[in-house]
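What follows is a set of notes on a single structure, which appears directly below.
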There are 2 protein chains.
Amino acid sequence: MQINKMPIPELTSVRCQECPIRHRAVCAKCDEEELELLSGMKTYRSFKAGDVILWRGEPLQFVASLVTGAATLSKTLEDGRTQMVGLLLPSDFIGRPGRQEIEFDVTATTDVTLCCFDRKPFEKLVEDTPHVAQRLMELALDELDAAREWMLLLGRKTAREKIATFIEMLARRATVQDQEAGGQFILYLTRDQIANYLGLTLETVSRHFSALKKEGMIGFSDRHHIEVLDLPGLQLATGDDADGGLVS
Amino acid sequence: MQINKMPIPELTSVRCQECPIRHRAVCAKCDEEELELLSGMKTYRSFKAGDVILWRGEPLQFVASLVTGAATLSKTLEDGRTQMVGLLLPSDFIGRPGRQEIEFDVTATTDVTLCCFDRKPFEKLVEDTPHVAQRLMELALDELDAAREWMLLLGRKTAREKIATFIEMLARRATVQDQEAGGQFILYLTRDQIANYLGLTLETVSRHFSALKKEGMIGFSDRHHIEVLDLPGLQLATGDDADGGLVS
DNA sequence: TTGCGACCTTGATCCAGATCAAGGCATAGA
DNA sequence: TCTATGCCTTGATCTGGATCAAGGTCGCAA
């Protein structure tokens, strides 16, 4: 079990207007005035890769937006089996108004910067500013959709389909997020973490990565930089309905 | 695939004050005045067991609270594999404000009565009355918690643990809801539907029901009336953390 | 430069749950 | 009463992914 190293407090003064997640985070719909309010109550915190950001059941001191890096939500059974129940990337929200605690652990998988708000004043703000409440609701419903999509994956997809879905999802989020050169993007997770996300073992993940590589669907420059070489093929391998998504 | 029999429109005049789900549904926090508003826009609709209430992707005409009966949310892969992603019991909410469509099918598994609100006026109401918006947010977050709990089940639990968890959950919800005689309660779902809920096959479900029965943990009077005979044993068999729940 | 630790790959074997198959048991309709 | 139909149970067999095992690779720190 991971030791909870103390977070390194670090005050950075980024103006909200220049914030990289300004238009996707909980503050997305805020006008200048509301932004001013939020700006006044925010603090930045950094966590090192591997740090536990929040423990399950621990009283929640703050809520936050993830600004840079990646974090995971995970649940654990009595005997140690774990299942990741969410992957947080920049602009995702941590915590929930009206709840004292959360039902899972939140762990930084890379170095992470959070934009934090103390829970109490934030909750007050939610009550007062409809734009924040609405955006929060949208984010919650998006997460619910994502969770249900993942239930289908966990319950019914084969290992190969799970891996293909995972890569396709990362590719989709990566292109929206940081547009790295040439379709290549960073695999934030280790094989073991990917296995936890997909309800598999790390050996099975490794084997299917190798298989997809051999088939020319994906390529690796090193173990954490993956490239999609055959997107249509990959999408076919996900097992999803071809007409499942929106026209984009 | 199930044929969509036309719903039977049926106007029942139940006063909100006497509604069986008054204190748990979306209207739970409403005061008399707000209730009056809701009351003015509601209509009841009935569906027969097996009817599809809503199709995935179909434009959403109404949102609703489930008053009596049970319904399922389910997603389907291209080749027909299906996974249930939610089970709706009385007081649960169907639909979402701000979305035109939903990502899964909603099917009545028993005869069902819904308390329906046309989507547009309901959305207007959500914007105006904080009590409804708050309750809606709570319901969404509860569903999110439930979805994540289910992800753990689907990804990491054994068949036996899945069955035990399912029965334990039903027992918990049943005792709150309708307090049938002697710890016995109705199994709303067929073996096949249970299998879809748990990410198993119907044969595996049947085998483990038989095993738990042989071990004296549960009993059946007929195939749809189940009784928990050894709750501690059953809880042990779920694989969950003993200290997982709240003190109740 | 060497040794260690963290992570990844690949092979061999095992087994829980899927699949295939054959009835059993209610209820409903003729 | 007979027969069809829709579940459900149980047995036999198969198999995808888990488990067990043995290196391989890379980066870092002594």
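All chains are named by letter (A, B, ...) in the order of the sequence lines, taking the proteins before the strands, and each is independently numbered beginning at 1. Computed from a prediction, not measured in an experiment: that's the story for all the values here.
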Separation of [X] atom [atom1] from [N] atom [atom2], in whole Å?
| X | N | atom1 | atom2 | result |
| --- | --- | --- | --- | --- |
| A:Glu203 | C:dC15 | CD | P | 16 Å |
| A:Arg81 | D:dT19 | CZ | C1' | 14 Å |
| A:Asp192 | C:dC8 | CG | C1' | 11 Å |
| B:Lys157 | C:dA16 | NZ | P | 18 Å |
| B:Asp222 | C:dT27 | CG | C1' | 12 Å |
| A:Leu187 | C:dC8 | CG | C1' | 13 Å |
| A:Arg160 | D:dA18 | CZ | C1' | 20 Å |
| A:Lys213 | C:dT9 | NZ | P | 8 Å |

Practice problem: Could you tell me whether B:Arg172 and B:Glu168 have a side-chain N and a carboxylate O separated by less than 4.0 Å? | Solution: yes
Quiz item: Taking the side chain as C-beta and beyond, is there a heavy-atom pair between B:Met169 and B:Trp150 under 4.5 Å?
Solution: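 Counting from C-beta outward, B:Met169 and B:Trp150 do come under 4.5 Å.
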Give a yes/no answer on whether the side chain of [X] brings an N or O atom under 4.0 Å of OP1 or OP2 in [N].
| X | N | answer |
| --- | --- | --- |
| A:Thr204 | D:dG17 | no |
| B:Ser206 | D:dT9 | yes |
| A:His224 | C:dC8 | yes |

Practice problem: Working to the nearest 0.5 Å, report the span between OG1 of B:Thr204 and CD1 of B:Ile194. | Solution: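 One finds 12.5 Å between OG1 of B:Thr204 and CD1 of B:Ile194.
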Report which part of the nucleic acid [X] touches: base, sugar-phosphate, or nothing (heavy-atom distance under 4.0 Å, all strands).
| X | result |
| --- | --- |
| B:Arg223 | base |
| B:Leu202 | base |
| B:Thr190 | sugar-phosphate |

Self-check item: Heavy-atom closest contact (B:Lys75 atom, A:Glu149 atom, distance)
Solution: NZ-OE1, 2.9 Å
Self-check item: Check: D:dG11 base within 3.5 Å donor-acceptor of B:Arg207 side chain
Solution: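 Such a pair is found, so the answer is yes.
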Practice problem: Decide yes or no, distance alone: a donor-acceptor N/O pair under 3.5 angstrom between the base of D:dC7 and the side-chain of B:Gln193. | Solution: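 By the distance-only test, no, there is no pair.
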Practice problem: Taking only the side-chain heavy atoms of A:Ser210 (C-beta and beyond), determine which of C:dT9, D:dG17, C:dA18 contains the nearest atom. | Solution: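 Of all the options, the side chain of A:Ser210 is nearest to C:dT9.
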Practice problem: Sort out for me which residue in B:Asn196, B:Thr82, B:Thr76 forms a side-chain hydrogen bond (donor to acceptor under 3.5 Å, both in side chains) with A:Arg156. | Solution: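 Single pass found, and it is B:Asn196.
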